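Read through the structure below, which is laid out as structure tokens, and then see the notes.
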Amino acid sequence: MSLLLGPMCQHIPGRKGLTDHSDAKHLMPAKEVYIPLFAGNNTQVEILVNEGDHVKIGTRLANTKSAFPVPIYSSVSGIYKGVTKRPHNSLKPQPHMVIELDAVQEKQQAFEPLDWHNASHDEMVEFVKNAGIIGQGGAGFPTYVKYMKVENIDTLIINAVECEPYITADYKCIMDNVEDFVHGVRILQKMAEVNSVKIGVKKTHPDLIEFIRQEINRENAAGIEVVAVPDVYPMGGERTLIYTILKRRYDRLPGECGVIVNNAETAMLIARAFENGDALSKKYVTFSGEGLKYPVNVSVPVGMCVAEIIDQLGGYIKKVESVRLIAGGPMMGKAMVSDQICIDRAMNAITVLKNEEEPEMTCLRCGRCTAHCPMGLQPVRIANAVKANDTDEMDKRGAMLCIECGLCAYVCPSHIQVTENVRKAKRLLQMKAKRK
Ligand code: SF4
Ligand code: SF4
């Protein structure tokens with residue numbers, strides 16, 4: 001495995017100014033939310049409420065039955081209307097629980113809070129599992145799993161980098177909730193059983209760095225420090241961040257080099273769960289891009305429909321057909337098939353770009369995709385192997401190491417969708433492994 005930094009990290013225009021100066025807007029749906037039940041292929045779900053039941057914010061709605069189960073809690077109060085299939089970010093329609101909102105929006109404590117100062121490691125891990133907390137950086141991996149075995153961990157890294165263009169949800173969320181953030185970091189520090197915590201923030205956000213430092217001092221939080229990292233892409237990728245801060249490398253998972261990485265918003269959820277018994281109900285999500293009339297960060301309940309949010313924000317610049325929607329940022333996000341997709345528990349951004357895709361041209365063999373790949377891969381060769389349907393060659397070229405950062409497509413002068421081909425190679429290799 002190679003991880004070469006320097007020329008393989010790229011400064012790309014951040015476009016953060018579209019949203020980072022304005023206040024987050026707090027929005028509510030007019031009628032219903034649709035809470036996605038999808039948690040990865042083959043995940044079974046046990047629904048715990050009956051049609052017609054009244055539920056509150058914090059009512060436990062369902063349990064997932066996967067290798068790493070997590071419960072799902074209600075983000076609103078109202079009447080549970082049943083399950084319906086709707087467009088989903090997984091590209092296939094998926095089941096969603098429909099809740100018709102009531103006027104009062106009553107809240108209940110989702111679970112008993114836990115005195116983390118006196119709790120054992122195992123009690124804390126079990127608590128986070130029961131709280132249904134999943135990573136807020138986009139992947140949605142259950143948080144408790146990272147903390148189950150901490151014997152070899154010596155450093156916790158909190159990823160507040162947000163290196164993707166347009167996205168400022170973490171920035172805004174921390175600025176609005178810095179006490180919860182630092183408090184949550186302290187709880188994670190205890191659960192990881194480490195002294196050393198590094199909070200990675202881009203050096204282009206000096207206000208955020210100073211704000212967090214002040215709160216760390218106010219809380220007298222020993223061992224926690226903010227590290228200002230360079231404004232290059234993909235600095236928010238785990239491998240790049242760990243290497244930049246600690247000069248360590250790993251093969252498959254950060255735990256192999258003694259590190260746990262968690263996203264900033266996850267720390268805030270942890271604080272609210274331990275202190276108040278709150279489950280995740282509302283999310284900060286960046287709605288940005290040149291395809292929107294008024295880009296801004298929003299705080300919305302999980303399950304609110306993207307089309308309704310965009311409507312409440314003033315709509316698209318032109319018709320929906322003239323824009324491209326991406327769940328996430330433009331580099332690593334996924335193209336959305338429809339704006340009827342709903343906010344799920346791990347979503348942090350919807351990027352809306354003008355539909356100005358350039359036509360693909362012939363490969364110039366310029367080698368730029370290879371020169372910029374942070375994983376030291378040769379994306380064009382993997383793409384060629386995909387065209388030839390040669391899975392052995394895809395494997396030999398290390399396709400599975402791709403972190404899907406999007407840089408190879410970004411730098412390609414021929415506008416070739418190189419990243420998409422490498423993603424396809426990964427899917428083909430996974431299918432091949434399953435068949436075996
Ligand atoms: S998307 Fe994958 S192959 Fe392309 S530059 Fe990023 S890591 Fe390399
Ligand atoms: S950057 Fe584009 S044109 Fe250049 S080698 Fe890679 S795929 Fe070909």
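We count ligands from 1, going down the list as the structure has it; atoms in each ligand are counted the same way. Keep in mind that this is a model prediction, so the values were computed, not measured.
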Shortest protein contact, atom 8 (Fe) of ligand 1 (heavy atom only): Cys373 SG, 2.3 Å
Nearest neighbour in protein (non-hydrogen) for atom 5 (S) of ligand 2: Gly367 N, 3.3 Å
Main-chain N/O of Val302 paired to Ser75 side chain as donor or acceptor, under 3.5 Å: yes
Taking atom 4 (Fe) of ligand 1 as the reference point, the nearest protein heavy atom with its distance: Cys408 SG, 2.3 Å
Side chain, backbone, both or neither: His372 near ligand 1, heavy atoms under 4.0 Å: neither
Geometric cation-pi criterion, Arg248 with Tyr243: 6.0 Å, 45°: no
Closest protein heavy atom to atom 7 (S) of ligand 2, given as residue, atom name and distance to 0.1 Å: Val380 CG2, 3.8 Å
Any Val33 side-chain heavy atom under 4.5 Å of Ile99 side chain: yes
Which of the ligand 2 atoms, numbered from 1, are nearer than 4.0 Å to a heavy atom of Leu364: 3 (S), 8 (Fe)
Pairing of Lys65 and Glu46 as salt bridge, 4.0 angstrom limit: no
Val411 heavy atom under 4.0 Å from ligand 2: no
Basic-acidic side-chain contact under 4.0 Å: Asp20, Arg15: no
Identity of the nearest option to atom 2 (Fe) of ligand 1, non-hydrogen atoms only, from Cys402, Gly376, Ala371: Cys402
Ligand-side contact atoms (ligand 1) for residue partner Pro379, heavy atom cut-off under 4.0 Å: 3 (S)
Pair Arg397-Asn384, side-chain donor/acceptor within less than 3.5 Å: no
Protein heavy atom at shortest distance from atom 1 (S) of ligand 2: Cys369 N, 3.4 Å
Interfacing atoms of ligand 2 (cut-off 4.0 Å, heavy-atom, Ser414): 3 (S)
Tyr284 and Asp176: side chain donor to acceptor below 3.5 Å: yes
Atom 6 (Fe) of ligand 1: nearest protein contact (heavy atom, Å): Cys405 SG, 2.3 Å
Atom 2 (Fe) of ligand 2 to nearest N/O/S of Cys412 below 2.8 Å: yes
Ile403 and ligand 1 - part of the residue with a heavy-atom distance under 4.0 Å: both
Trp116-Glu123 side chain donor-acceptor pair, cut-off 3.5 Å: no
Between Asp278 and Tyr73: side-chain donor-acceptor atoms closer than 3.5 Å: no
Basic-acidic side-chain contact under 4.0 Å: Lys283, Glu265: yes
Subset of ligand 1 atoms that lie under 4.0 Å from at least one heavy atom of Gly406: 1 (S), 6 (Fe)
